[in-house]
Amino acid sequence: MLTVPLIIFIFPIISIILGVVGYLILKNLTAPIILVILLGIIAALLWFNRSFGFWIFIYGFLAFAGAFLTKMVTTKMKRRKPLS
């Protein structure tokens, strides 16, 4: 298994998806971020080395960005009045 494509392409996509889905399910900004950081720490302990810790914070930020954008879109959709 190649580590570099996982770290640069796959894990960022997964963290954004977890941020979006986590916000939609839990309606909370902090829960998806904590989930991504905990999963990153577990992955660093089991499969990767200590240098993976830098990437964990980047993935946490990407999860926050996904959750925050989802929150902004859902609140704008709720505020929009239906045409009738």
State, to 0.1 Å, how close [X] and [Y] come at their nearest heavy-atom pair, and which atoms those are.
X: Leu26; Y: Ala31; answer: CD1-CB, 3.4 Å
X: Ile56; Y: Ala44; answer: CD1-CB, 4.0 Å
X: Ala67; Y: Pro32; answer: CB-CG, 4.3 Å

Rounded at 0.5 Å granularity, tell me how far [atom1] in [X] sits from [atom2] in [Y].
X: Thr74; Y: Arg79; atom1: OG1; atom2: CZ; value: 10.0 Å
X: Met72; Y: Thr70; atom1: CE; atom2: OG1; value: 11.0 Å
X: Ile16; Y: Tyr59; atom1: CD1; atom2: OH; value: 11.0 Å
X: Ile8; Y: Ile13; atom1: CD1; atom2: CD1; value: 12.0 Å

From Ile33, Leu38, Leu39, residue fulfilling side chain to side chain contact (heavy atoms under 4.5 Å, CB included) relative to Leu35: Leu39
Please say yes or no: joined through hydrophobic side-chain contacts below 4.5 Å, possibly via intermediate residues, are [X] and [Y] part of one cluster?
X: Phe57; Y: Leu62; result: no
X: Ile14; Y: Phe54; result: yes
X: Leu46; Y: Val36; result: yes
X: Ile17; Y: Phe9; result: no
X: Ile10; Y: Leu18; result: yes

Is it the case that atom NZ in Lys76 sees more than 12 heavy atoms from other parts of the structure closer than 6.0 Å? no
What class does the angle between the rings of Phe64 and Phe61 fall in, given that below 30° is parallel, 30 to 60° is tilted and above 60° is perpendicular? tilted
Please lay out, stage by stage, how Tyr23 and Asn28 fare under the test side-chain contact (heavy atoms from CB on, under 4.5 Å). CA-CA 5 Å; Tyr23 178 77; Asn28 188 354; 5.7 Å; no
